[in-house]
Protein chains: 4
Amino acid sequence: MTPPASDGSRAPKGRAPHRRDERARLAVLHAADDLLAERGFNGVSIEGIAARARVAKQTIYRWWPSKVDILLDTLSEDAARQLAIPEAGPVVEGTRRYLHALARFVTRDPAGKVLLALIGEAQHDPEMARLFHERWLDPQRMRERALLQRGIDAGELSSELDVDAALDALCGPIVYRALTGARIPRRFVDGLIADTLGRHVL
Amino acid sequence: MTPPASDGSRAPKGRAPHRRDERARLAVLHAADDLLAERGFNGVSIEGIAARARVAKQTIYRWWPSKVDILLDTLSEDAARQLAIPEAGPVVEGTRRYLHALARFVTRDPAGKVLLALIGEAQHDPEMARLFHERWLDPQRMRERALLQRGIDAGELSSELDVDAALDALCGPIVYRALTGARIPRRFVDGLIADTLGRHVL
Amino acid sequence: MTPPASDGSRAPKGRAPHRRDERARLAVLHAADDLLAERGFNGVSIEGIAARARVAKQTIYRWWPSKVDILLDTLSEDAARQLAIPEAGPVVEGTRRYLHALARFVTRDPAGKVLLALIGEAQHDPEMARLFHERWLDPQRMRERALLQRGIDAGELSSELDVDAALDALCGPIVYRALTGARIPRRFVDGLIADTLGRHVL
Amino acid sequence: MTPPASDGSRAPKGRAPHRRDERARLAVLHAADDLLAERGFNGVSIEGIAARARVAKQTIYRWWPSKVDILLDTLSEDAARQLAIPEAGPVVEGTRRYLHALARFVTRDPAGKVLLALIGEAQHDPEMARLFHERWLDPQRMRERALLQRGIDAGELSSELDVDAALDALCGPIVYRALTGARIPRRFVDGLIADTLGRHVL
DNA sequence: ACATAAGCGAGACGGTACGTCGGGTCTTATC
DNA sequence: GATAAGACCCGACGTACCGTCTCGCTTATGT
């Protein structure tokens with residue numbers, strides 16, 4: 001499903017021999033992204049993507065089992081950049097930056113709409129929910145956990161801190177506001193950090 | 001859309017004149033509910049509801065513009081009972097009871113699945129999101145606000161408390177966990193209350 | 001089905017007590033007629049008639065089993081006037097006048113469209129065909145036969161004449177031309193008479 | 001609409017590429033034919049055809065605008081065989097054979113019911129009438145005219161004969177009898193020929 | 001060097017559900 | 001007791017996409 005991550009070595013001229021066509025792959029991802037932005041999740045259809053990307057339906061079905069898989073691919077590419085977890089520096093400050101980035105992503109970045117749409121679709125389709133966990137939620141949670149754990153290990157945070165509970169207490173309200181279309185001012189995020197981590201900062 | 005709750009005075013024998021047929025209305029709501037529980041949101045179709053409720057499609061279209069309107073009706077009936085806001089007694093304790101009820105509702109009550117599905121669908125359809133706000137989110141938030149405000153007025157809570165921020169900090173994590181299929185132990189909820197309201201209890 | 005032909009004795013003021021409402025009856029017939037003229041047979045629906053006649057559907061169903069019955073009623077009223085069979089005078093000349101009237105009726109009279117539509121519908125529905133025979137074709141044929149028979153009896157026509165064959169040879173081409181939208185010049189009709197009756201005129 | 005009659009050169013194995021599927025086409029035509037014979041024109045529905053032919057509705061709509069177009073196709077295939085115009089030999093005798101074939105077709109051949117149904121439907125729908133002329137009536141009339149004209153050219157028939165009038169005088173009664181469900185004995189047809197062409201035979 | 005085999009565009013196919021129209025039955029209130 | 005009004009169940013309409021399929025074309029190897 002995920003390609004060999006555009007292996008930088010190969011020159012992207014024209015098309016590979018009888019390997020996957022990178023141009024088609026990108027056209028599909030962009031078409032899906034655009035359609036989601038323009039018409040919402042329900043306005044995205046395989047036929048619509050194929051038409052806009054000037055690609056045969058079969059080409060889509062060959063590489064992606066469903067439209068959510070396509071969106072998961074676009075999310076992977078976009079979110080990786082926007083939602084990187086700080087791997088060094090003071091942990092509380094890093095958390096603050098991460099949460100602000102998250103708030104920005106889900107309220108202002110078009111790619112954030114993809115994330116919200118996928119959370120939405122996960123409510124409608126259990127198999128898709130499983131995939132969503134596997135491809136996004138679980139890996140991202142792993143990285144988030146590592147961040148706080150680094151704080152505990154470094155003595156910045158109390159070892160009493162329940163890492164998962166804290167992460168949900170921090171991310172939950174941000175995502176919830178985004179899902180309900182509410183605004184997320186900076187001090188709302190700062191308040192969450194103060195309430196959730198405050199007691200545990202050493 | 002919601003009828004005046006079958007004005008108790010009239011005997012429910014047979015059918016109303018050339019007015020709405022209460023039996024058909026209930027059959028539709030139950031069929032929708034059942035289908036959602038059994039096959040998920042994407043498994044709910046107007047045709048499916050009509051077939052199971054032994055009702056003509058036209059009868060559904062006459063009274064509900066779309067399947068989400070049907071689900072909003074079922075939510076109104078079910079959630080009203082499960083998610084009543086305490087209107088008297090100590091506010092913090094009332095809040096605790098409400099949040100525990102909310103956690104139970106969204107994780108264990110079949111009707112809670114309806115709520116999650118509607119949050120999900122709101123990500124896919126802006127018009128539906130508007131309706132969802134109007135029919136559920138906003139009224140419920142009004143009631144939640146009244147609860148905390150009562151605490152402030154009664155001197156139980158500091159007047160510094162940002163009511164909306166607190167409510168999202170409390171409900172957000174609970175809903176988020178439900179949306180991601182996580183469990184919600186009682187102490188998770190208690191922890192949220194402690195972190196969010198603790199500083200403001202007088 | 002056919003009312004007692006607007007028994008002239010009763011004053012047509014308002015509506016009769018709990019007898020059939022003559023105003024409704026006429027409104028239905030006219031609405032049906034108008035709709036047929038404006039939108040063709042397929043554009044005539046019970047709902048459409050009811051709406052245009054400002055009449056309840058039930059009122060229509062109470063008095064007419066189907067829309068063709070309504071059209072049969074309008075035909076009876078209109079055709080009786082236009083297609084009267086000459087009951088006295090020279091028979092060949094009478095036949096000529098009758099056939100010219102028939103040609104005029106099916107090509108120019110709006111009520112003629114009703115006749116053509118009913119012939120058409122008879123091809124689609126055997127039960128309707130039976131009714132059409134009973135209510136129009138057979139009685140009219142009876143009258144036509146009487147005309148030629150009078151000629152034979154009076155010695156104007158040879159007794160060798162096969163009356164039914166002659167009538168179909170005369171009416172068939174006229175109706176067929178109307179059904180296929182062709183024009184019917186006077187000499188076409190005169191030619192039919194010459195060919196069909198010529199040999200038998202004594 | 002009518003395909004180039006399955007160009008005999010290509011082997012009919014499997015299905016054509018992304019071209020029309022001949023098996024589906026035939027299944028539709030036969031299903032339509034059968035349904036018309038069994039249940040009459042009003043009993044023919046696109047859904048019914050699709051179900052009986054084991055074909056998707058969309059496949060029907062892709063190739064035929066309406067059910068009458070399907071019936072026109074079945075008529076073309078069947079009538080061509082049954083109603084061929086004699087292209088050589090004595091013209092009067094040829095006409096006789098043609099008219100007997102026509103009488104047989106419209107009274108006994110199941111495909112004749114299709115012709116009657118189409119004449120009927122033409123009364124209900126002007127656009128359909130136009131198409132019916134274009135696809136059947138006009139071409140067939142052209143061929144019929146050629147037959148009589150050949151007789152005139154060959155000196156078998158007087159040049160005074162009004163070809164179109166004669167054809168309607170011949171075919172009209174036959175079709176009319178079929179439309180009204182009457183029987184058509186051989187001598188009825190022979191009588192028409194005698195009356196209509198007799199005077200003009202040289 | 002060229003046959004091969006994979007990816008590709010195109011699009012027909014059997015299906016499911018959509019939202020609408022009209023059919024014919026019913027119930028009620030009004031006159 | 002007939003009528004206007006209109007809700008009801010039902011069947012068909014014509015459309016949009018689904019996911020599968022077959023086709024003819026293109027092109028970089030791997031003999």
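We name chains A, B, ... by the order of the sequence lines, and we start the count at 1 in each one.
- Taking only side-chain atoms of C:Y61, from C-beta outward, the nucleotide of E:dT25, E:dG22, E:dG9 with the closest atom is E:dT25.
- In summary, A:R25 and A:E77 engage in a salt bridge, as defined by a charged side-chain N under 4.0 Å from a carboxylate O.
- Residue D:T59 has a polar side-chain atom (N or O) positioned under 4.0 Å from OP1 or OP2 of E:dG14.
- To the nearest angstrom, P of E:dA6 lies 21 Å from CD of A:E22.
- In terms of phosphate contacts, B:R19 brings no side-chain nitrogen or oxygen within less than 4.0 Å of OP1 or OP2 of F:dG6.
- Not counting sequence neighbours, A:K67 has no partner by the salt bridge (Lys or Arg N to Asp or Glu O under 4.0 Å) test.
- Each of B:E47 and A:A56 was assigned the nucleotide of DNA chain E with the nearest heavy atom; the assignment lying further toward the 5' end belongs to A:A56.
- As a whole-Å value, the separation of D:R62 CZ from E:dG15 P is 14 Å.
- Among the protein residues, C:R54 comes within range of the sugar-phosphate backbone only, with heavy atoms under 4.0 Å from sugar or phosphate atoms but none that close to a base.
- Contact between the side-chain N/O atoms of D:W63 and the OP1/OP2 oxygens of E:dC13 is found at a separation under 4.0 Å.
- What separates CD1 of D:I60 from C1' of F:dT15 is a distance of 14 Å, to the nearest Å.
- A:D34 meets the side-chain hydrogen bond (donor to acceptor under 3.5 Å, both in side chains) test with no other residue; sequence neighbours excluded.
- Each of C:Q58 and B:Q58 was matched to the nucleotide of DNA chain E holding its nearest heavy atom; the match closer to the 5' end belongs to B:Q58.
- No donor-acceptor contact under 3.5 Å links the side chain of C:K57 to the base of F:dG6.
- Looking at residues two or more places apart in sequence or on another chain, you find a salt bridge (Lys or Arg N to Asp or Glu O under 4.0 Å) between A:R130 and A:E127, A:E134.
- Residue whose closest nucleotide on DNA chain F sits further toward the 5' end, between B:A53 and D:I46: B:A53.
- In terms of the side-chain hydrogen bond (donor to acceptor under 3.5 Å, both in side chains) criterion, residue partners of D:K57 (sequence neighbours excluded) are, by chain and number, D:E47.
- Applying the salt bridge (Lys or Arg N to Asp or Glu O under 4.0 Å) test to D:R54 and every residue at least two apart in sequence or in another chain returns nothing.
- Rounding to whole angstrom units, CG of residue B:D21 and C1' of E:dT25 are separated by 14 Å.
- Distance from the side chain of B:S45 is smallest for E:dC18 among the nucleotides E:dC18, F:dC8, F:dA4.
- Taking a 4.0 Å limit (strictly below) on heavy-atom distances, residues 30-41 of chain C does not reach DNA chain F anywhere.
- Residues D:R135 and D:S76 approach most closely at NH2-OG, 3.4 Å, considering heavy atoms.
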Quiz prompt | Criterion side-chain contact (heavy atoms from CB on, under 4.5 Å) on D:W64 and D:L29, from CA distance to verdict | solution = CA-CA 11 Å; D:W64 293 278; D:L29 294 184; 4.0 Å; yes
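- Rounded to whole angstrom, the span from the CZ atom of D:R23 across to the C1' atom of F:dT22 amounts to 14 Å.
- Taken over five-pair windows at either terminus, the axes of the helix from E:dA1-F:dT31 to E:dC31-F:dG1 are inclined to one another by 0° (rounded to 10 degrees).
- Atom C1' of nucleotide E:dT16 and atom CG of B:N42 are separated by 13 Å, given to the nearest angstrom.
- Under the rule for a side-chain contact (heavy atoms from CB on, under 4.5 Å), the partners of C:A27 that lie at least two apart in sequence or sit in another chain are C:A53.
- Put simply, CZ on C:R25 is 17 Å from C1' on F:dT3, counting in whole angstrom units.
- Contacts of B:R62 classified as salt bridge (Lys or Arg N to Asp or Glu O under 4.0 Å), with partners at least two apart in sequence or in another chain: none.
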